[in-house]
Amino acid sequence: DLIVHVRDITHPETILQKATVLSVLRNLNLPSHLLDSVVEVHNKVDLIERYKPTEENALAVSALHGHGLEELKQEIEKKILTATGKKILTVNINLEGPQLSWLYKEATVQEMEVMPEDGTARVKVIISSSAFGRYKNLFPN
């Protein structure tokens, strides 16, 4: 669904390495949408003072120090959701009903916050549009 191209931005041949990788990817006859959505990651930015990517849409990270990793995670999540046609939603459910079991079968449950005082929960899920449509039909409230 997604290609993440991580480069050592301190390497003296980093531009040539990028060109080589892109050439290999093109020769693999991958779908154009996959090549157009490559996430470009510049790693080891901690070794270059005040590094700013000169390439459009490149993300600057330092895996060693954790710099930029949250932004990378968000970008990957956004692109994967777009590529798969899924979305992240938070739904309120009644814990006495079948909604939670249904969500575990039909979606990916990411987080759940239980409100014991009223027997409900707030559930964050990754779900396809079609599955969410079925959910709304089965559980209109």
Side-chain angles (χ1 to χ4, degrees), residues 1-11 13-141:
D1 294 321
L2 180 66
I3 297 172
V4 179
H5 181 209
V6 181
R7 289 171 39 207
D8 174 352
I9 206 63
T10 66
H11 192 282
E13 299 293 333
T14 189
I15 302 296
L16 178 60
Q17 289 175 335
K18 177 182 178 178
T20 303
V21 167
L22 292 177
S23 174
V24 169
L25 290 173
R26 276 190 224 99
N27 288 335
L28 291 174
N29 294 319
L30 299 171
S32 61
H33 73 274
L34 194 55
L35 294 172
D36 294 340
S37 67
V38 171
V39 175
E40 182 75 24
V41 181
H42 295 177
N43 190 27
K44 297 189 181 180
V45 299
D46 55 300
L47 300 177
I48 301 174
E49 193 172 323
R50 285 179 259 188
Y51 179 79
K52 294 268 193 248
T54 56
E55 298 170 33
E56 191 177 332
N57 300 323
L59 298 170
V61 304
S62 168
L64 181 64
H65 297 289
H67 168 77
L69 296 182
E70 187 58 36
E71 293 83 358
L72 174 59
K73 179 183 165 199
Q74 290 172 3
E75 182 67 15
I76 290 171
E77 186 175 83
K78 183 178 87 175
K79 295 240 178 164
I80 289 290
L81 290 172
T82 299
T84 61
K86 294 187 178 180
K87 54 181 99 182
I88 297 177
L89 298 172
T90 300
V91 293
N92 294 315
I93 63 164
N94 181 335
L95 289 171
E96 292 179 6
Q99 292 99 323
L100 185 59
S101 174
W102 191 94
L103 288 170
Y104 270 106
K105 287 179 192 164
E106 301 294 329
T108 302
V109 175
Q110 287 194 307
E111 295 174 15
M112 185 170 70
E113 179 186 356
V114 175
M115 275 73 75
E117 61 278 357
D118 62 1
T120 64
R122 208 167 303 161
V123 184
K124 183 178 174 186
V125 296
I126 300 173
I127 191 166
S128 69
S129 296
S130 60
F132 187 59
R134 290 192 308 274
Y135 177 85
K136 289 192 300 189
N137 286 337
L138 288 169
F139 312 108
N141 297 332

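Fair warning: this is a prediction, and the values are worked out from it, not measured in the lab.
For the atom pair CG of D1 and CD1 of I76, the computed distance is 12.5 Å after rounding to the nearest 0.5 Å. With values rounded to the nearest 0.5 angstrom, S101 atom OG is found 12.0 Å from L95 atom CG. Taken from CD in E71 to CD in Q74, the straight-line distance is 6.5 Å, to the nearest 0.5 Å. A distance of 13.0 Å separates CG in L59 from NE2 in H5, rounded to the nearest 0.5 Å. The OG atom of S62 sits 14.0 Å away from atom NE2 of H42, with the distance rounded to the nearest 0.5 Å. Note that CG of L22 and CD1 of I3 are 9.0 Å apart. Values are rounded to the nearest 0.5 Å.
For the pair V6/V4, a side-chain contact is recorded, criterion being any heavy-atom separation below 4.5 Å from C-beta on. Between H67 and V61 the shortest side-chain heavy-atom distance does not fall below 4.5 Å. Between T108 and I127, the closest side-chain pair of non-hydrogen atoms is not below 4.5 Å. Side-chain contact between R26 and L35 is present, with heavy atoms from C-beta onward closer than 4.5 Å. The shortest side-chain heavy-atom distance between I93 and T120 does not fall under the 4.5 Å cut-off. Taking the side chain as every heavy atom from C-beta outward, V38 and L2 never approach each other to under 4.5 Å. Taking the side chain as every heavy atom from C-beta outward, T20 and Q17 never approach each other to under 4.5 Å. At a threshold of 4.5 Å between non-hydrogen side-chain atoms, the residues Q110 and I88 count as touching.
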### Task
Evaluate the side chain to side chain contact (heavy atoms under 4.5 Å, CB included) criterion for residues D8 and T14: first the C-alpha distance (whole Å), next the side-chain angles of each, then the deciding distance (0.1 Å), finally the verdict.
CA-CA 7 Å; D8 174 352; T14 189; 6.0 Å; no
### Full working for side chain to side chain contact (heavy atoms under 4.5 Å, CB included) between L47 and K44
CA-CA 6 Å; L47 300 177; K44 297 189 181 180; 4.2 Å; yes
### Message
Under the criterion salt bridge (Lys or Arg N to Asp or Glu O under 4.0 Å), I'd like the reasoning laid out for K86 against E77: C-alpha separation, chi angles, the key distance, then a yes or no.
### Response
CA-CA 10 Å; K86 294 187 178 180; E77 186 175 83; over 6 Å; no
### Task
Run the numbers on V39 and V41 for side chain to side chain contact (heavy atoms under 4.5 Å, CB included), then give the verdict.
CA-CA 6 Å; V39 175; V41 181; 4.0 Å; yes
### Task
Run the numbers on I126 and K87 for side chain to side chain contact (heavy atoms under 4.5 Å, CB included), then give the verdict.
CA-CA 6 Å; I126 300 173; K87 54 181 99 182; over 6 Å; no
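By the neighbour-count criterion of 12 heavy atoms within 6.0 Å, atom CD of E117 is densely surrounded, having more than that number from other residues, nucleotides or ligands.
Of the possible donor and acceptor atoms, one in the side chain of S37 sits under 3.5 Å from a partner among the backbone N and O of L34. Under a 3.5 Å cut-off, the side chain of H11 and the backbone N or O of E13 do form a donor-acceptor pair.
Residues N43 and A63 approach most closely at OD1-N, 3.0 Å, considering heavy atoms. For the pair E113 and M115, the tightest heavy-atom approach, listed with the atom from each and the gap, is O-SD, 3.6 Å. Here the closest non-hydrogen pair linking A60 and P53 is CB-CG, 4.0 Å. Taking each heavy atom of N94 and G119 in turn, the nearest pair found is OD1-O, 3.5 Å. Smallest separation of non-hydrogen atoms from M112 and A121: CG-CB, 4.0 Å. The shortest non-hydrogen separation linking A131 to S128 is N-OG, 3.1 Å.
Between R7 and E55 a salt bridge is recorded (basic side-chain N to carboxylate O distance below 4.0 Å). By the 4.0 Å N-to-carboxylate-O rule, E111 lies too far from R122 to be salt-bridged with it.
The aromatic rings of F139 and Y135 lie tilted to each other, with the angle between the two planes from 30° to 60°.
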